[in-house]
Amino acid sequence: MASAAAAPAFPARPPEALFEPARSRGLDAPVSLIETARLMRQNPMAILPEALFEVPRLTGPYLGRKVHEIAGPEHMQSVLQDNVQAWRKSPLILRMLTPILGDSILTAHGESWRRQRRILQPAFTRRRIEHFAPLMADAGVEAAERLLASDGPAEVHGVMNDTTFRVIEQALFGEVDGFDRTRVRAAIEVLLEEIGRVRLSDLAPWPEWTPRYMTPGALKARHVFRKAADGQIARRRASDEPGEDLLGLLLSARDADTGAALTDREIRDTLMTFIAAGHETTAIALTWALYLVAHDSECQDALRAEADAVCGARTPDAEAAGRLVLTRQVIEEAMRLFPPAPILGRRAVSDTDICGHPVRKGDVVLLAFYCLHRHRTLWDHPGRFDPDRFSPERRPRHPFQFMPFGGGPRACIGTRFAMQEAVLVLSAIVSRAIIAPAHGEVEPVMQVTLRPKGGMPLRFEAR
Ligand code: HEM
């Protein structure tokens, strides 16, 4: 039987034979505050110092306080886990997210966050997520067909965005009607753009309660989304069956400690949060994975052999997704080189320390996952695409050395959903198409997520 074959492996190759993709270069020397603000608007990746690929922490001045830039596993653990109560999400990111996501699990703090996390966690158990495997596999097949139908290079980022949008939309709402999907999708895209665009005014040290300016287009888009979501919630409440999709789970979810349910407004904000947090991030992970395998035909051969052995001619299910181990390693390596969330910010709400280094209330920390993932003291040949480094024998031992999904109590709630989806979609594409680079250099830029500037053209040919 094909599935009983020897453990799959990537071909052994010397490091020089491995693809070295484009990388974001950091600052060689500190720059003025005005220059920092300019770079933040253009591409926040550009403010990371080059030295942070060599040392675990750098500290500099910041508006009368200090900014600590960190890129070491112990330092990450200190902020996200050991001293988590001393830190809050950065005021900048809260300013950008709250007008659209409300006081949702992603933006809330303290008891409000704890309650929402407790209620939502059961929606993300293995069994619940496995239920979505056929939907994800079908979306992967459809994506492969679209990429293969392209006359000339296909714009991969756009197709991946459509694919992950379809998955999250159907996982949330199932096959319901009752709203104009195209209109709602367009509204959501406007809202995600609004979240992703840093304005100069966002960088000023406003008190946290100052409202953020929203364009008339974004206000209208928010209205369109909220109306559609409220309509779905009301419709579902009126029916006898809550449903097995995420909306159904949100409606029937109860706090195990108190028995309390989510309010309709919390459910609506959670729906938007899952779309905002889960659709573009997964699309980006897939886009970079396809870029990397396009430059590595031996890796593609290994993935195809794995798909043939595990799935044969049948559509993969959740059990098969668990056995696509090389495909999973490629996704992990893609997120190491290009973490969809490359930098997170936090602000100290009390005096604390980071691995013994003193921190004062009001200081800012930048968690530079991008530098952590390419740190010269932690990884062999950190700039090379080497999915074998995630094999059981070689994978990093420290839980905070590889952290595309963050870490500690606020780590991504959708990790399992995202990994299952990315594995199934990548496998569907690679098993149907031979992928090759198109033209030109690819530049990573950060716009909340780490995107390829100007898109990602690649060539697809039927296998
Ligand atoms: C490859 C895909 C994904 C990546 C790279 C990713 C990354 C992350 C990261 C880094 C965080 C931590 C943010 C912080 O600490 O400030 C996070 C949190 C979160 N993610 Fe994801 N995510 C992905 C997919 C998803 C999906 C599919 C969903 C939902 C269906 C989701 C929902 C959330 C939520 C709700 C939080 C907030 C959790 C909390 O604060 O308790 N994410 N994600």
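First listed ligand is number 1; within each ligand, the first listed atom is number 1. As the structure is a computational prediction, the values presented were derived from the model and not from experiment.
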With the threshold set at 4.0 Å, does a side-chain nitrogen-carboxylate oxygen contact exist between [X] and [Y]?
| X | Y | result |
| --- | --- | --- |
| Glu74 | Arg57 | no |
| Arg394 | Asp388 | yes |
| Glu111 | Arg114 | yes |

Audit row: Leu290, Met456, side-chain contact (heavy atoms from CB on, under 4.5 Å) steps and yes/no: CA-CA 9 Å; Leu290 288 165; Met456 175 69 78; over 6 Å; no
For [X], the ligand 1 atoms whose distance to one of its heavy atoms is below 4.0 Å:
| X | answer |
| --- | --- |
| Gly278 | 24 (C), 25 (C), 26 (C), 27 (C), 28 (C) |
| Ile168 | 30 (C) |
| Leu344 | 13 (C), 14 (C), 15 (O), 16 (O) |
| Phe417 | 27 (C) |
| Ile105 | 35 (C), 39 (C), 40 (O), 41 (O) |

Nearest candidate to [atom], where distance is taken over non-hydrogen atoms, out of [options]:
| atom | options | answer |
| --- | --- | --- |
| atom 15 (O) of ligand 1 | Met419, Arg346, His279, Lys89 | Arg346 |
| atom 40 (O) of ligand 1 | Gln121, His109, Met403, Arg410 | Arg410 |
| atom 24 (C) of ligand 1 | Ile343, Thr270, Thr281 | Thr281 |
| atom 35 (C) of ligand 1 | Ile413, Leu450, Val84, Leu286 | Ile413 |
| atom 17 (C) of ligand 1 | Cys412, Ala418, Pro404, Pro342 | Cys412 |

Heavy atom of the protein closest to [atom] (residue, atom name, distance):
| atom | answer |
| --- | --- |
| atom 38 (C) of ligand 1 | Arg117 NH1, 3.4 Å |
| atom 33 (C) of ligand 1 | Ala277 CB, 3.7 Å |
| atom 36 (C) of ligand 1 | Leu106 CD1, 3.4 Å |
| atom 6 (C) of ligand 1 | Phe405 CD2, 3.6 Å |

Side chains of Gln300 and Val330 in contact at under 4.5 Å (non-hydrogen atoms):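 No. Closest side-chain heavy atoms not under 4.5 Å.
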Heavy-atom check, side chain of Pro382 versus side chain of Phe53, under 4.5 Å: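 Pro382 does not reach Phe53 side chain to side chain.
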Centroid-centroid distance, Phe390 to Phe10, less than 6.0 Å: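 No.
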Centroid-centroid distance, Phe124 to Phe274, less than 6.0 Å: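 When the ring centroids of Phe124 and Phe274 are compared, they turn out to be within the sub-6.0 Å range.
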Side chain to side chain contact (heavy atoms under 4.5 Å, CB included), paired with Phe369, selected from Leu450, Leu344, Ile70: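 It is Leu344, the one option of Leu450, Leu344, Ile70 that forms the side chain to side chain contact (heavy atoms under 4.5 Å, CB included) with Phe369.
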Phe19 CZ: over 12 foreign heavy atoms closer than 6.0 Å: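 More than 12 within 6.0 Å, yes.
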Polar atom proximity, Trp113 to ligand 1 (N or O, under 3.5 Å):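 The answer is yes, given that Trp113 and ligand 1 share an N or O pair closer than 3.5 Å.
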